[in-house]
Amino acid sequence: QLQLVESGGGLVQPGGSLRLSCRPSGFYWDYHAVAWFRQVPGKEREAISYINSNGGTTNYADSVKGRFMIFRDYAEMRVDLQMNNLKPEDTGVYYCAASRSRHLGDNWHRQYDYDYWGQGTQVTVSS
(Lines give C-alpha, C1' and ligand atoms only; values in the text may rest on other atoms or scores of the structure.)
Protein backbone atom coordinates (compact mmCIF):
# COMPACT_ATOMS: atom_id res chain seq x y z
CA GLN A 1 0.00 0.00 0.00
CA LEU A 2 1.35 3.39 -1.02
CA GLN A 3 1.11 5.92 1.76
CA LEU A 4 2.91 8.61 3.71
CA VAL A 5 3.67 8.41 7.40
CA GLU A 6 4.00 11.53 9.53
CA SER A 7 5.56 11.83 12.96
CA GLY A 8 6.64 14.50 15.42
CA GLY A 9 3.43 16.20 16.43
CA GLY A 10 2.56 17.00 20.00
CA LEU A 11 1.89 19.69 22.57
CA VAL A 12 4.19 22.69 22.81
CA GLN A 13 4.06 26.05 24.53
CA PRO A 14 3.85 29.29 22.53
CA GLY A 15 7.30 30.26 21.33
CA GLY A 16 8.45 26.66 21.30
CA SER A 17 9.58 24.42 18.44
CA LEU A 18 8.59 21.13 16.89
CA ARG A 19 9.96 19.14 14.00
CA LEU A 20 7.62 17.07 11.86
CA SER A 21 8.84 14.24 9.66
CA CYS A 22 7.25 12.51 6.70
CA ARG A 23 8.35 9.28 5.04
CA PRO A 24 6.88 7.33 2.15
CA SER A 25 5.77 3.75 2.58
CA GLY A 26 5.64 1.45 -0.40
CA PHE A 27 7.28 3.74 -2.95
CA TYR A 28 10.33 5.87 -3.61
CA TRP A 29 9.72 9.56 -3.73
CA ASP A 30 12.95 11.08 -5.02
CA TYR A 31 11.05 12.39 -8.05
CA HIS A 32 8.01 13.65 -6.20
CA ALA A 33 7.27 17.16 -5.00
CA VAL A 34 6.24 17.19 -1.34
CA ALA A 35 4.20 19.60 0.75
CA TRP A 36 2.84 20.06 4.23
CA PHE A 37 -0.76 21.09 4.72
CA ARG A 38 -2.54 22.17 7.87
CA GLN A 39 -6.18 21.92 8.86
CA VAL A 40 -7.66 23.95 11.66
CA PRO A 41 -11.16 23.07 12.95
CA GLY A 42 -13.78 24.93 10.99
CA LYS A 43 -11.40 25.90 8.20
CA GLU A 44 -10.28 24.40 4.93
CA ARG A 45 -7.02 22.53 4.73
CA GLU A 46 -4.30 24.92 3.58
CA ALA A 47 -0.84 24.40 2.13
CA ILE A 48 1.86 25.81 4.36
CA SER A 49 5.12 24.59 2.88
CA TYR A 50 6.42 22.89 -0.25
CA ILE A 51 9.64 21.47 -1.65
CA ASN A 52 10.17 20.24 -5.20
CA SER A 53 11.79 16.93 -6.10
CA ASN A 54 15.39 18.15 -6.23
CA GLY A 55 15.07 20.39 -3.19
CA GLY A 56 15.92 23.49 -5.17
CA THR A 57 12.58 25.23 -4.71
CA THR A 58 10.73 25.80 -1.46
CA ASN A 59 7.59 27.78 -0.78
CA TYR A 60 5.84 28.90 2.38
CA ALA A 61 2.47 30.35 3.27
CA ASP A 62 2.68 33.91 4.54
CA SER A 63 1.42 32.77 7.94
CA VAL A 64 4.54 30.63 8.54
CA LYS A 65 7.20 32.41 6.51
CA GLY A 66 10.30 33.12 8.58
CA ARG A 67 9.28 30.62 11.29
CA PHE A 68 8.99 27.29 9.46
CA MET A 69 11.55 25.59 7.25
CA ILE A 70 11.17 22.52 5.04
CA PHE A 71 14.05 20.08 4.50
CA ARG A 72 14.56 17.10 2.28
CA ASP A 73 16.89 14.23 3.31
CA TYR A 74 17.37 11.88 0.37
CA ALA A 75 19.49 9.36 2.28
CA GLU A 76 16.81 9.00 4.96
CA MET A 77 13.98 9.39 2.44
CA ARG A 78 12.41 11.97 4.67
CA VAL A 79 10.95 15.47 4.40
CA ASP A 80 10.98 17.43 7.63
CA LEU A 81 9.18 20.59 8.65
CA GLN A 82 11.03 22.53 11.33
CA MET A 83 8.57 24.79 13.14
CA ASN A 84 9.94 27.57 15.34
CA ASN A 85 8.34 30.33 17.36
CA LEU A 86 5.06 28.45 17.36
CA LYS A 87 1.84 30.35 18.00
CA PRO A 88 -1.56 29.17 19.24
CA GLU A 89 -2.94 29.73 15.74
CA ASP A 90 -0.54 27.07 14.44
CA THR A 91 -2.63 24.48 16.25
CA GLY A 92 -4.13 21.93 13.88
CA VAL A 93 -3.66 18.65 12.12
CA TYR A 94 -0.64 18.63 9.83
CA TYR A 95 -0.65 16.47 6.71
CA CYS A 96 2.18 15.47 4.45
CA ALA A 97 1.38 15.15 0.73
CA ALA A 98 3.36 14.03 -2.30
CA SER A 99 2.77 14.66 -5.97
CA ARG A 100 3.89 12.48 -8.87
CA SER A 101 5.06 15.73 -10.46
CA ARG A 102 8.60 16.84 -9.74
CA HIS A 103 7.71 20.52 -9.65
CA LEU A 104 4.30 22.14 -9.21
CA GLY A 105 5.33 25.77 -9.65
CA ASP A 106 2.58 28.23 -8.79
CA ASN A 107 0.16 25.34 -8.16
CA TRP A 108 2.02 24.09 -5.13
CA HIS A 109 -0.85 25.06 -2.83
CA ARG A 110 -3.58 23.07 -4.67
CA GLN A 111 -4.65 19.94 -2.84
CA TYR A 112 -5.79 18.07 -5.94
CA ASP A 113 -2.30 18.21 -7.43
CA TYR A 114 -1.10 15.79 -4.75
CA ASP A 115 -1.49 12.05 -5.17
CA TYR A 116 -0.47 10.63 -1.80
CA TRP A 117 -1.45 11.79 1.67
CA GLY A 118 -0.56 10.88 5.21
CA GLN A 119 -3.02 10.36 8.05
CA GLY A 120 -2.05 13.60 9.76
CA THR A 121 -0.36 14.46 13.02
CA GLN A 122 -1.80 16.77 15.67
CA VAL A 123 0.10 19.88 16.71
CA THR A 124 -1.21 21.81 19.69
CA VAL A 125 0.32 25.11 20.76
CA SER A 126 -0.94 26.08 24.17
CA SER A 127 0.28 27.27 27.54
Side-chain angles (χ1 to χ4, degrees):
Q1 185 176 0
L2 309 181
Q3 60 182 351
L4 302 179
V5 180
E6 302 107 336
S7 62
L11 173 65
V12 64
Q13 291 187 342
S17 298
L18 279 176
R19 190 175 184 107
L20 305 182
S21 290
C22 177
R23 285 185 170 91
S25 176
F27 68 103
Y28 292 101
W29 71 352
D30 284 3
Y31 303 113
H32 294 66
V34 177
W36 284 94
F37 286 75
R38 174 173 71 194
Q39 187 156 29
V40 176
K43 293 187 177 181
E44 289 189 5
R45 188 156 52 183
E46 63 167 340
I48 57 171
S49 188
Y50 159 92
I51 188 165
N52 71 340
S53 63
N54 67 14
T57 299
T58 57
N59 289 315
Y60 300 91
D62 288 343
S63 59
V64 306
K65 203 170 290 183
R67 300 187 297 122
F68 290 13
M69 189 168 290
I70 192 167
F71 298 92
R72 190 153 197 160
D73 187 326
Y74 294 93
E76 295 289 328
M77 285 191 65
R78 196 177 75 217
V79 171
D80 288 358
L81 184 68
Q82 176 66 41
M83 305 186 296
N84 299 324
N85 190 21
L86 283 160
K87 304 176 180 180
E89 51 265 39
D90 294 318
T91 295
V93 179
Y94 285 67
Y95 297 89
C96 177
S99 171
R100 286 192 288 264
S101 297
R102 298 188 185 200
H103 185 61
L104 292 174
D106 291 339
N107 296 328
W108 70 275
H109 60 283
R110 302 194 313 190
Q111 295 187 56
Y112 52 81
D113 282 314
Y114 293 88
D115 305 290
Y116 308 103
W117 289 84
Q119 294 298 310
T121 184
Q122 176 69 42
V123 171
T124 303
V125 184
S126 175
S127 55

Next on the checklist: Quick one about Asp80 and Gln82 (side-chain donor to acceptor, distance below 3.5 Å, no hydrogens or angles considered), yes or no?
Outcome noted: no
Item to check | In one Ile/Leu/Val/Met/Phe/Trp/Tyr side-chain cluster, 4.5 Å: Trp29, Leu2 | outcome: yes
Item to check | Under-4.0 Å salt bridge between Asp62 and Lys65 | outcome: yes
Checklist entry - Ignoring hydrogens and geometry, is there a side-chain-to-backbone donor-acceptor pair from Asn52 to Thr57 under 3.5 Å? => result yes
Next on the checklist: Taking salt bridge (Lys or Arg N to Asp or Glu O under 4.0 Å) as the definition, give me every residue that meets it alongside Arg102, ordered by chain and number, with sequence neighbours left out.
Outcome noted: none
Checklist entry - Think Arg19 forms a cation-pi with Phe71, using NZ or CZ under 6.0 Å from the six-ring centre and within 45 degrees of its axis? => result yes
Checklist entry - Of the options Trp117, Tyr95, Tyr94, which is the one that meets Phe37 in a ring pair (Phe, Tyr, Trp, His ring centres under 6.0 Å)? => result Trp117
Item to check | More than 12 heavy atoms from other groups under 6.0 Å of CD on Glu89 | outcome: yes
Next on the checklist: For the CD atom on Gln119, are there more than 12 heavy atoms of other groups (residues, nucleotides or ligands in this structure) within a distance under 6.0 Å?
Outcome noted: no
Item to check | Cluster check Trp108, Trp36: I/L/V/M/F/W/Y, side chain < 4.5 angstrom | outcome: no
Item to check | Single hit among Asp73, Leu4, Val34 for side-chain contact (heavy atoms from CB on, under 4.5 Å) with Val79 | outcome: Val34
Item to check | Qualifying disulfide (SG to SG under 2.5 Å) pairs with a residue from residues 20-116, counting only residues at least two apart or across chains | outcome: Cys22-Cys96
Checklist entry - When Ile, Leu, Val, Met, Phe, Trp and Tyr are grouped by side-chain heavy atoms lying under 4.5 Å apart, directly or through other members, which residues fall in the same group as Tyr112? => result none
